[in-house]
S.K.: 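Got a structure for you, questions after.
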Amino acid sequence: MYLAELVDAPVLQAGSRIGHVVDVRLFVPRHTEGQRVGTPEVFGVVVCPRRTGSFLGFERTDARAPALLAAFFRWRARGSFLVLWDDLAAVSKDAVELRPEAMRWSPALA
Amino acid sequence: MTEDLQPARSPSGGVLVDARLSLLDRQMLDVDGVTVGVVDDLELSDVPAVLERGTPPPSVLALVHGPIVLERIFGGKRPHGQLLRFGWDTVAKLGSAVELAAPASELPRPWLETWLRERVIARLPGGRHVPG
Amino acid sequence: MVARLLLALAAVLALTGCGSTEDAAQRSVAEARSAVIFAHDAGRLLLNDRASRAYVQVVFDDSLDQAADAERDLQGASGVEPQRVATAHRVVDAAASVLDELTDAGVGTLDESGLTRLQAALRELDAVAEELER
Amino acid sequence: MKKIFAVALGILTAIGGFLDIGDIVTNAVVGSRFGWSLAWVVVVGVAGICVFAHMAGKVAAVSGRATFELIRERLGPRMALANLSASFFINLLTLTAEVGGIALALQLASSVNYLLWVPVAAFAVWLVVWRVGFELMENVTGLIGLLLIGFAVAFFLLGPDWGELGRQAAQLMPTQESPATYWFYAVALFGAALTPYEVFFFSSGAVEEGWSVKDLGQSRLNVLVGFPLGGFLSLAIAGCAALALLPIGVEVGTLSQVVLPVAEAGGTLLLVAIILGIVAATFGAALETTLSAGYTLAQFFGWTWGKSKAPAQAARFHTTMIVCLVIGLGVLATGVDPVMVTEVSVVFSAVALPLTYLPILIVANDPDYMGEHVNSRALNVAGQAYFGLILVAAVAAVPLMIVTGVGQ
């Protein structure tokens, strides 16, 4: 499977489309023997109700400058949320489906 | 805004990285800082189409570089032929670019670079001369 | 959305009247006049040893091209009284032939008489320009 | 020694980048038609390129990332490819104008037709990019380019009537020209001052020279020495045309007209110095635009790039530059007027600016890239103000060009 299949994929829940995958959050564990960076695994997907296209991540970082632009891009990506891997019901080439009871978390990166 | 949602608990002993924000489309540098490619895509381990609870998440097997970027933009079949795989074990550091642990000579090199080097550039006088 | 914006902007700008009041005959005379003055001033510098011969030769070549452009603009002048075109034609051709002769001879042979002929052509162009103004 | 070379980078970027054929011609055309009533645009443009180049240089020094790498990282491949196609086409247009500029300047010196000089110029540019070291290339074209100070000498020798020029500068809109033409040349001047290739070259040059955080002071000095110097000379060029050409009704359309005031003011010696200065400035700019063609493609597709490497180590980078020079050569061989190509290239520069400027402004504020060297509040205020201005210029550029028939 390739990451490109997930990015920008439509997100379905209970049969209706609720947004698009704007990013895929990876968890990078401590590295093991023979590698310098741990093998990342999918931690969850960040979903946004609109397809915001170009990706600046203002809504997930505490970056507040440059003020006007940051505010604009945060507004554009309003309503984004994080869904953990375990809450995904199905992943196919053309859509990602969430479990009906999927929990929605804040997209902010710690 | 995200004020009403709780922040998810991030597992200990590691760090959270957003693939598209911090990994995809980043430059790949060899151990000497020479650009060897761009992260055009990530190869993930496969998972079943239908996910039961507790199915282990896919992990990143390799960074992928090649004329895939045009395919990502205009859609269409993936040209497997020219895809270059950089196994995750060669990754040395995730910074503003992805630093790899091997020199360019030991890493995959797109055929066009090799073809142009051998057929055209190296043949021109001074082709191997370092300017200045 | 952007396309609509561009069209609106273009329309507004068009309304602000960007067409100049001069007609093709006047523009052609003005262009010929500019070519003659340019060549004359450069020729004066050459005779006063204040410009290199290579440079002044290029100036005469450029001026000749500009005068030729002025002639071409006249041929294509539609919607202008034939009388005005004829008057303009006479002086623009005269100026172009002077420039042509001096350029072919090479600026090395340029002397005061050459400059005087350019000044004469200039006076004629100015006279016709005034006439077309009325 | 490194300090001197580093300042040379600033000077070259100013003379070669700021003062290229686009500036020399556009400022002379504007001076011969509007006098100094568009001087405010040059001042705004100079301040703009100072903000833009300083941010790009700082980002390159701190994060080691050149401009087009960031454009792809921040805008994603789709928007970045759109920007790449626009920037690459405009860079090719500018490259063609610069090589044409070299040939026109050599024609002034030799009266040999410029079309014979075009292949010589293109080959010389390739040879320098192929063999000559980065710093030597900068020093030679940068320092010879300083001869363009001759325009300032000519301007003062012509005895400017400061009252008249001051009145023109304050008058903003001259009556005899239509508003559309006036604003067309305002955008053209703004585009000439903020040509994207300057920033591609400046940031990639910073990476090539291995700048780091300790070079930040140097980067600021380069920008504050280099670009205002270029801006001052632009005003001198416009001033010369206003004093010597405007009164006699000669509207600039050729390079020979641009330098007439210099001959009138200082005679043959100053004329020769200026012609040599123009050759150096257009040669420097031709080098920058050729390298920028290579930098932009290489940084988007992730090729190995770098002028300080052996060409064989960056085969696609060098092949791109060779192909671009051949294309430029081919376009000029059709006999198209290089001055017209120049005027069109500066207007299109204004169109491509927003998508080149935005990623730099954003990354300059991103702690991941910049650590604690993120933009100060003041720089952000200026940065966002200019982004607004650049957007307006980009939107207005093409309609103005159509309505005024490229400023006729």
S.K.: Could you list which of residues 37-45 of chain A have a heavy atom closer than 4.5 Å to any heavy atom of chain B, in residue-number order?
M.R.: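 From residues 37-45 of chain A, the residues near chain B are A/Val37, A/Gly38, A/Thr39, A/Pro40, A/Glu41, A/Val42, A/Phe43.
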S.K.: Heavy atoms only, distances under 4.5 angstrom: which of B/Asp46, B/Val17, B/Asp89 has the most pairs with chain A? Name it, please.
M.R.: B/Val17
S.K.: Between A/Arg36, A/Met1, A/Gln35, A/His31, which shows the greatest number of heavy-atom pairs under 4.5 Å with chain B?
M.R.: A/Met1
S.K.: If you count heavy-atom pairs under 4.5 Å between each of A/Ala89, A/Pro29, A/Ala90, A/Ser92 and chain B, which one has the most?
M.R.: A/Ala89
S.K.: Under 4.5 Å heavy-atom distance to chain B, tell me which part of A/Leu26 shows up: side chain, backbone, both or neither.
M.R.: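 Answer is both: backbone and side chain atoms of A/Leu26 are under 4.5 Å from chain B.
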S.K.: Tell me, out of A/Arg99, A/Arg104, A/Met103, who's got the most heavy-atom pairs with chain B below 4.5 Å.
M.R.: A/Arg99
S.K.: Hey, could you give me the CZ/OG distance between A/Arg25 and B/Ser10, rounded to the nearest 0.5 Å?
M.R.: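 Rounded to the nearest 0.5 Å, the CZ-OG separation comes to 9.5 Å.
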S.K.: Which residues in residues 94-106 of chain B have any heavy atom closer than 4.5 Å to a heavy atom of chain A?
M.R.: B/Leu94, B/Ala101
S.K.: Contact part of B/Ser22 toward chain A, heavy-atom cut-off under 4.5 Å: side chain, backbone, both or neither?
M.R.: neither
S.K.: Check residues 47-64 of chain B and write down every donor-acceptor pair under 3.5 Å in which the side-chain atom is one partner and the other belongs to a residue at least two apart or another chain.
M.R.:
{"residue": "B/Arg53", "atom": "NH1", "partner": "A/Asp86", "partner atom": "O", "Å": "3.1"}
{"residue": "B/Arg53", "atom": "NH1", "partner": "A/Asp86", "partner atom": "OD2", "Å": "3.4"}
{"residue": "B/Arg53", "atom": "NH1", "partner": "A/Asp87", "partner atom": "OD1", "Å": "3.2"}
{"residue": "B/Arg53", "atom": "NH2", "partner": "A/Asp87", "partner atom": "OD1", "Å": "3.1"}
{"residue": "B/Arg53", "atom": "NH2", "partner": "A/Glu101", "partner atom": "OE2", "Å": "3.0"}
{"residue": "B/Thr55", "atom": "OG1", "partner": "B/Glu52", "partner atom": "N", "Å": "3.2"}
{"residue": "B/Thr55", "atom": "OG1", "partner": "B/Glu52", "partner atom": "O", "Å": "2.4"}

S.K.: Indicate every side-chain donor-acceptor pair of residues 116-125 of chain B with a distance under 3.5 Å to a residue at least two apart or in another chain.
M.R.:
{"residue": "B/Arg117", "atom": "NE", "partner": "D/Ala312", "partner atom": "O", "Å": "2.7"}
{"residue": "B/Arg117", "atom": "NH2", "partner": "D/Ala312", "partner atom": "O", "Å": "3.4"}

S.K.: How long is the straight-line distance from CZ of A/Phe27 back to CG of B/Leu16, given to the nearest 0.5 Å?
M.R.: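 The CZ atom of A/Phe27 is 7.0 Å from CG of B/Leu16, to the nearest 0.5 Å.
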S.K.: Is there a side-chain contact between B/Leu44 and A/Leu6 in this structure, where contact means two heavy atoms from C-beta onward sitting under 4.5 Å apart?
M.R.: yes
S.K.: Roughly how far apart are A/Leu82 CG and B/Leu5 CG, rounded to 0.5 Å?
M.R.: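 Answer rounded to 0.5 Å: 9.5 Å.
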S.K.: Any chance you could measure B/Glu43, atom CD, to A/Tyr2, atom OH, to the nearest 0.5 Å?
M.R.: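 Spacing of CD (B/Glu43) from OH (A/Tyr2) equals 4.5 Å.
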S.K.: Mind checking the CD-CG spacing from A/Glu5 to B/Leu42? Nearest 0.5 Å is all I need.
M.R.: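 The CG atom of B/Leu42 is 11.5 Å from CD of A/Glu5, to the nearest 0.5 Å.
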S.K.: Quick one: what part of B/Thr90 sits under 4.5 Å from any heavy atom of chain A, side chain, backbone, both or neither?
M.R.: neither
S.K.: Among A/Asp8, A/Val21, A/Val46, which residue meets the side chain to side chain contact (heavy atoms under 4.5 Å, CB included) test with B/Arg20?
M.R.: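 With B/Arg20 as partner, A/Asp8, A/Val21, A/Val46 yield a single side chain to side chain contact (heavy atoms under 4.5 Å, CB included), made by A/Asp8.
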